[in-house]
Every structure is written in C-alpha cells, then in structure tokens.
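What follows is a single structure, written as structure tokens, with notes after it.
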Amino acid sequence: RRGADPSIRVTVGRFLAEWHAGRPDLKGTTRRNYSLIIGTYLAPLLGHVEMDQLRAAHITEMFATIEMWNTELAAGKPLRKYQRHVGPASMQRIRACLRAALNDAVDEGMIAFNPASRVRMAPEKRQRPVVWTAERAAPFWDTYRGRLTAAREAAGARRVDALAIWRDKQLRPAPVMVWTPADTGAFLDYAARHRLSALFEVAATTGARRGEICGLRWTD
C-alpha cells in the first residue's frame with residue numbers, strides 16, 4: 001500500500017526517525033519532546049525490533065528497564081550519562097509518543113494493531129498541596145536551623161550550601177506546599193520593587209506554568 005519494497009524489514013528505530021521527520025504539523029514544543037523521547041528511550045530500547053514483530057511485551061519490558069534505571073539512579077549508580085528519574089507522568093508521555101507514532105503506522109498499513117494501546121501503566125499520582133500554616137512552618141524552621149548549624153560545625157571553614165538544606169523535601173510536611181493568601185500577599189509586597197515583580201504577580205494570580213510565564217514578552 002505504501003509503495004515500499006516488502007523485502008526491506010523496517011525496524012522501530014527507523015520508522016520513528018522517519019515518522020518524526022515527516023510530521024511538520026507538530027508544534028515546536030511537541031516536536032522537541034518527541035525527539036527527546038525517541039532518542040533517549042524509544043530508539044535505544046525498541047529500535048532494534050522489527051515493526052511487524054513489535055508486541056506489547058516489548059513495550060512492557062522497555063518500561064521495566066526504565067524502572068531499573070530509576071532504581072540504579074536512586075542507589076547512586078546511574079547507568080547512563082545525564083540520567084534522570086522517570087516518574088509516572090513521564091512514563092505516560094513516553095507511551096503517548098509511541099502510541100501516536102504507531103497509530104500512524106496502523107493507518108499506513110504497516111502494522112495491524114497498535115501494541116502501545118494494550119500496555120497497562122501505573123496511574124499518575126498527583127500530590128495534594130498542603131498549606132504552610134504556622135503550625136507546620138514552626139517545626140520545619142526548627143529542623144532546618146538545627147541541620148544548618150550541624151552542617152556548619154562539620155564544615156569548619158568550608159562553605160555550607162544552606163539552600164540545598166532548605167530545599168530538602170524530607171524536611172517538609174508534604175512534597176507540595178503552598179502559601180496562605182496572607183503569605184502570598186506579604187511576598188508580593190516585599191518583591192514589588194524587584195525587576196521581576198510583574199512575573200511574580202502573574203505566577204501568583206494565574207497559576208501558569210513557569211515555562212509559560214518565562215515565555216511572555218514584557219509588552220504582555
């Protein structure tokens with residue numbers, strides 16, 4: 001149907017490269033994300049499989065390998081350069097990219113069905129935000145100051161990264177913490193003379209993503 005030589009075996013890696021190059025309709029951000037996903041996960045782990053041999057088991061095995069990479073990274077033994085933890089949301093994006101490509105392969109008659117649609121995935125767990133009340137903030141600051149003091153005593157004359165201690169999520173009551181309206185107002189009042197005060201106002205009042213806010217023009 002595609003006018004191709006049936007004797008040439010097309011691998012997943014070759015198909016994904018041609019598919020990505022042949023999709024000028026993709027938005028810029030989507031194109032970059034797909035390129036990163038294909039180059040980092042899909043091509044290295046599935047690229048050798050021939051298209052007509054690709055099964056859901058191959059895709060399940062790919063995600064098992066990524067989970068293994070996560071375990072090695074958590075143990076301080078990354079297997080690959082620039083390795084990052086891949087959470088449930090990122091796993092879903094990887095499958096979404098593969099599923100989009102394979103849907104086009106089905107439409108073109110290259111494969112009879114989309115095996116990515118048959119892979120069961122762990123649901124994305126969204127963290128419920130917890131408000132920084134005075135009762136929650138007090139023990140946090142006590143623990144932070146204690147750890148900072150201990151780190152400075154152990155470091156001697158060497159510099160201590162106080163921000164790294166403050167950012168430690170284990171110190172916090174929950175992974176996602178939000179300010180009260182009063183705290184938000186106090187911050188905006190304090191930051192009113194800062195050159196990025198308009199950015200802070202937009203962030204606080206709209207809930208836009210950081211990338212969206214940074215993409216705004218000053219005229220906006």
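- Within the 4.5 Å cutoff, the side chain of V12 has no heavy atoms near those of the L42 side chain.
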Pairs of donor and acceptor atoms involving the side chains of residues 155-167, under 3.5 Å and at least two apart or interchain, shall be tabulated with distances.
from : atom 1 : to   : atom 2 : distance (Å)
D161 : OD1    : L163 : N      : 3.3
D161 : OD1    : A164 : N      : 3.2

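- Across L188 and A204, no two heavy atoms sit closer than the pair CD1-CB, 4.1 Å.
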Notebook entry, point to check: Between M91 and Y41, does a side chain to side chain contact (heavy atoms under 4.5 Å, CB included) hold up when you go through it step by step?
Noted result: CA-CA 10 Å; M91 296 274 199; Y41 305 106; over 6 Å; no

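- To the nearest 0.5 Å, atoms CD (E72) and CD (E67) are separated by 12.5 Å.
- Aromatic pair Y34/W19: centroids less than 6.0 angstrom apart.
- A 4.5 Å side-chain heavy-atom check between R118 and I59 finds every atom pair outside the cut-off.
- Note: T71 OG1 to K77 NZ = 12.0 Å, rounded to the nearest 0.5 Å.
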Margin query: Could you walk me through whether R9 and E50 satisfy the salt bridge (charged side-chain N to carboxylate O under 4.0 Å, His left out) test, starting with their C-alpha distance in whole Å, then the side-chain angles of each, then the deciding distance to 0.1 Å, before giving a yes or no?
Written below: CA-CA 7 Å; R9 312 300 292 180; E50 294 182 357; 3.2 Å; yes

Next item on the list: Apply side chain to side chain contact (heavy atoms under 4.5 Å, CB included) to the pair C97 and I38, showing each step before the final yes or no.
Entry: CA-CA 8 Å; C97 174; I38 291 171; 4.1 Å; yes

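- With a 4.5 Å cut-off on side-chain heavy atoms, D168 and Y144 do not count as touching.
- Note that the CG atom of D220 and the CD1 atom of I213 stand 12.5 Å from one another [nearest 0.5 Å].
- Of the possible donor and acceptor atoms, none in the side chain of E18 sits under 3.5 Å from a partner among the backbone N and O of F15.
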Margin query: Evaluate M62 against I94 for side chain to side chain contact (heavy atoms under 4.5 Å, CB included), listing each step before the verdict.
Written below: CA-CA 10 Å; M62 175 188 69; I94 293 171; 4.0 Å; yes

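- Shown here are the ring-ring contact (aromatic ring centres under 6.0 Å, His included) partners of H85, two or more places apart in sequence or in another chain: there are none.
- Nearest heavy-atom pair, A191 versus F200, reported as atom, atom and distance to 0.1 Å: CB-CD1, 3.8 Å.
- Taking the side chain as every heavy atom from C-beta outward, H58 and L45 never approach each other to under 4.5 Å.
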Margin query: One pair to check against side chain to side chain donor-acceptor pair (under 3.5 Å): T180 and D183. What are the steps and the verdict?
Written below: CA-CA 5 Å; T180 63; D183 287 338; 3.3 Å; yes

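- The OG atom of S35 sits 11.0 Å away from atom CG of L26, with the distance rounded to the nearest 0.5 Å.
- Among all heavy-atom pairs drawn from Q83 and W69, the shortest one is NE2-O, 2.7 Å.
- Note: F187 and W179 have tilted aromatic rings, judged against thresholds of 30 and 60 degrees for the angle between ring planes.
- Looking at R136, its side chain does come within 3.5 Å of a backbone N or O of V131 through a donor-acceptor pair.
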Next item on the list: Carefully, step by step, assess L46 and L98 under the rule side chain to side chain contact (heavy atoms under 4.5 Å, CB included).
Entry: CA-CA 10 Å; L46 295 176; L98 179 61; 3.9 Å; yes

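- With contacts defined as side-chain heavy-atom distances shorter than 4.5 Å, the pair N70/V86 qualifies.
- Side-chain atoms of S197 do not come within 3.5 Å of backbone N or O of R193 as any donor-acceptor pair.
- Of the inter-residue distances, the one linking N103 atom CG with F113 atom CZ reads 12.5 Å to the nearest 0.5 angstrom.
- Under the salt bridge (Lys or Arg N to Asp or Glu O under 4.0 Å) criterion, the residue pairs touching residues 92-104 are R23-D104, with sequence neighbours excluded.
- Inter-residue side-chain proximity for T184 and V178 is flagged as unmet; no heavy-atom pair is nearer than 4.5 Å.
- Once rounded to the nearest 0.5 Å, the distance linking OG of S90 with CD1 of I37 reads 8.0 Å.
- Inter-residue side-chain proximity for R31 and H20 is flagged as met; some heavy-atom pair is nearer than 4.5 Å.
- Cluster membership check: L36 does not share its hydrophobic cluster with L73, using side-chain heavy-atom separations under 4.5 Å among Ile, Leu, Val, Met, Phe, Trp and Tyr.
- Within the 4.5 Å cutoff, side-chain heavy atoms of M51 are placed close to those of L102.
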